Every structure is written in C-alpha cells, then in structure tokens.
**Student:** 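This is the structure, below, for whatever I ask next.
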Protein chains: 2
Amino acid sequence: MGTTQLETVPEPKYWHLKTVLAKALDSEFAVGEVLPNERELAARFGVARATLRQALEQLELEGRLQRRRGVGTTVAPPRVGVDVGPAHHSWPGAQGDAWQTEGCETTVPPAAVARALGTADDHAVHVVHRVRTVHGQAVATELLYVPAASVPGLSGIETDAGTARGRAVLRELNRLELGGQERAVELGSARAEDARRLDRLPGSPVLVVTTRYLAAGGTAAVAVATYRADTCRLTFGDSGAVSLLAS
Amino acid sequence: MGTTQLETVPEPKYWHLKTVLAKALDSEFAVGEVLPNERELAARFGVARATLRQALEQLELEGRLQRRRGVGTTVAPPRVGVDVGPAHHSWPGAQGDAWQTEGCETTVPPAAVARALGTADDHAVHVVHRVRTVHGQAVATELLYVPAASVPGLSGIETDAGTARGRAVLRELNRLELGGQERAVELGSARAEDARRLDRLPGSPVLVVTTRYLAAGGTAAVAVATYRADTCRLTFGDSGAVSLLAS
DNA sequence: TAGTGGTCTAGACCACTCT
DNA sequence: GAGTGGTCTAGACCACTAG
C-alpha cells in the first residue's frame, strides 16, 4: 500500500514554482530576455495567476526578475554593488561623491531624525535632496538633514533657490572636521516620492541606510538614503582593500 | 457639476489602508497588543481579505506588525539594532563573539562562495553553522566557509563530531592574522532551513550579509549570514563611538 | 475543537506602454 | 488598440496554535 509520496510534504505550490522557475532562469534564459506573460505562464504550469504571481514576486525580491507594467517580465542582470563606505571617511559633497544634488528645503524632520540630531522636535533644519545613479540609472534617493548650527557660514543670499542652496549647504558642511560616521541598514518600503524617482511602484522593498555624521561635540548631520533593494547590493569595503564582492 | 474629488488619484486601496492602519498603530495600540483577525478587519474596512492582507504584509515588511499562524497579528516592538562590525576587527569565534556554534560539515560551497574563496568549483571546505541570538531569540543564521588550507592545524581526531569540530575550526582560524574584512548587504528570501531556525516561514524577507575575511595572501574564510529583516536593523559603528542608532 | 493566518482559485477591471 | 503587469473580489480549503 505504499503511496508515491513518503512524508507527504505539503510544500506550497508557489514555492515549488519558484524553484522551478529559478532553475529555468539559470539554464534557459539570458539576461534581459523577456518571459512569457503571466497569463500564459499560469496556464502552462496549471495554476491560478495569483499563485504564479506569488512566485514571480519572490524572484523579483531576490533580484532575479524585473517586472514592468505594460512591458513585461525580464531576466534581471546581477545586482550592482554600490559602495556605502566608510572607505572615504568624508562628508557628503566631497570630491568623488557619487550623489547629485537635486534641491533643498527647510522643514521639521521626523521625530527619529530630530532625536539623532539632538534638536527639538519642532526645530526646522535644512533638508538636501540628492540622487545616486549607477550606469545612468537612479539607484537611491537621499534626504540629508543639516541643522543650521552645522553650517553657520551659509549666506542669506543662498537661502531661496533649491539646488543652489543645496550645494551651498554641502560646501559649508565640508568646512567642518569630520569626527566619524555611524551607519544602520534596514528593510523598508518605498514612499510614493522615492518610488517615483527610482522608477518603482510605491511600497517596493528598499534598503534604508541611515548615516549619522559626527563632528566635535555631536551630530552634525543625518542622512537617510533609500536604495532599490531589487537591483542593489550594498558593499562596505574595510581595510582599504578593493572590494571584490562588488559585482 | 463639480465632483467631490479633484485630480481623481486612483491610489490603491491597500496603500490607503496601510497608512490608515499605520496611524492607528501609532495612536491606539501598544506593543504586543493583538489586532482583530483578518476577516473582521477586512469586513470593518469594507475590502476583500486579500486586499487587507496586502496592507498587513507591507506593515510586517516594515517591522510594524508580527503575524503568526494560529495565533494572530500583534504590534511588533521597534527593531533591534544588531552590530555587524567592523568594530571588533576580529575573527569569528574570538572573545565577545555574538554567535553560537551549532555544527560543522564538509561540503562543496556554492559557486559564488567558491569564487570569493579562490578555490575550485568542486573543492570541499569546512562549513560551520552558527546562530546569533538577541534577548533569547534567534535573529540570524550563518554559514562560515573555511578552506582546509586556512586551518592547517586541525587535528584528525576532531574531524567527525559536528559542534566540536566547528569550535575547533574557529579556534584554528583565530591563529591566523586578520588582514581586513569586506562586507556586503543585500535583500534575500529565507531558505527553508534558515526559516525554520529563525521561526519564520520559508521565503520571508531576510538581510543577507556576506563577509570576506582576509589574511596574508588572500581570502581565509567567507561568511554568509541571514538576518530576519522584520526584526533586525544592522548597525555599522565606525570610529569606535558607541552606536546611538542602535535602538 | 475553535480560531487564526497561509494558500489557492477563477474570474474582473484598471493603469500603463508600446505600436 | 492590443497587450502587459497591477489591483481587487468572494469565495474555498489547509496548517497551525491553543484551550
């Protein structure tokens, strides 16, 4: 009376589907190639479209696939390694900085940022918006929070224009002596505005890198950077060695 | 003929639902409190259960909620900050190491690891299994790949037992002179075995930390650590300062 | 055994991208 | 306009936990 299955393992369909697709991607598809559309794939594997989508979502999360509405599903290239220091030990805006300034405003930061800055909860600070691109593609957005006290030399003339003032803030920031950095990485989901800049849908998984820039006496600035989790692999090269883990 | 909505923004229901729930979590719920079950919440908000689940999934991804089958959905505590160096600049198994050795085997590593180690694709290496716990809870699993060449002093007597051999490998590794570390962080989904150890479902989002340990001449070992993305916030404290970002 | 979240279905319509 | 992925529905059953 032996049945075909020993230890009947009720492995979810989408899980099995995912492994099958992953193998197919390795052996039968090239980077950039487009897969059959979801309705056809679902029919081919004999599952509902929702189940197939669950498998595709996981593969996209792992950076194996790229899906774009109105276009299709393509095989993603290997993740790009982006260096997030602390090799340079320098301020934002220093030479070799990979970020491009896009604007600057003055607002009250979120409570968590205010706490890290050591400012009052209702104290407005400069917020510099920046974007990081790799191979011409935006991979991260950043909000750099700088209290006015950190940039005392900022002239009043530059306090209106967006991008110009952003650059002025960075310039003044670089006059300070850097006392170290603290970083944290966690998983998040893209806010609507970040998603737009990163060419993703709102809620897409992102890696949030929070950096605290220290100067004599305390925190001079806090940066909250949002990296595309599907395409990015954050590298931390120590000991000055060239990173071989960066693809 | 004015309609109620200007600029009819077709914001997805689950997105709106998510923000509503997030606000409610801030104002009306305490950490550890259990939410109403999914069927009731869906009815209360007038949406299908699948739509509600989409909102809950995002909140869980952001570490705001914790869902457990057969139990319910509870409000998650703030993410715990776990230090992933490079403050110590030490080998695995050194004093103060946060990991616990669970076993050791000898197998051929994945191609990507073999490449980083500089070994042949079919060359077997020691693989030490370790677990990292915080507050009594497992937050990460690790596979530490150590080529036999890195631990020449390993005696033959210790080559059979699991945990004992693991400790022996770590002991031998600490005889080497550390030449630096390289780290990379990326998003992944938990393999079945990791998920079990971390008390999560297979496919749960995890932060994968790959570390390359350098010694004179090249790569002495490679560690692939898998952290729970829902509960962990990886911290990188530089300059020896106490991390204030760690919650 | 009752109640929970997890999986799955078979549809429908919408938003977007290209031609 | 045709074709794609994204959203949503209203059900059903399963796996797990706990009293």
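Just so you know, these numbers come straight off a predicted model, no measurement behind them. Note on naming: letters A, B, ... go to the chains in the order of the sequence lines (proteins, then strands), and numbering restarts at 1 for each one.
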**Student:** Using purine N1 to pyrimidine N3 plus N6-O4 or O6-N4 for Watson-Crick, or N1-O2 and O6-N3 for G-U wobble, both under 3.5 Å, which nucleotide pairs with D:dG19?
**Tutor:** none

**Student:** Regarding B:S189 and A:E62, do their side chains bring together a donor and an acceptor under 3.5 Å, going by distance alone?
**Tutor:** yes

**Student:** Determine whether the side chains of A:T106 and A:R165 contain a donor N or O and an acceptor N or O closer than 3.5 Å.
**Tutor:** yes

**Student:** Between B:F236 and A:F236, how do the two ring planes meet: parallel, tilted or perpendicular, split at 30° and 60°?
**Tutor:** parallel

**Student:** Check the side chains of A:R68 and A:Q66 for a donor-acceptor pair under 3.5 angstrom, ignoring hydrogens and angles.
**Tutor:** no

**Student:** How does each nucleotide of nucleotides 3-12 of chain D score, in 5' to 3' order, for protein heavy atoms under 4.0 Å: base (B), sugar-phosphate only (S), or none (-)?
**Tutor:** BBBBBSB--B

**Student:** Taking the side chain as everything from C-beta on, heavy atoms only, tell me whether B:L187 gets closer than 4.5 Å to B:P205.
**Tutor:** yes

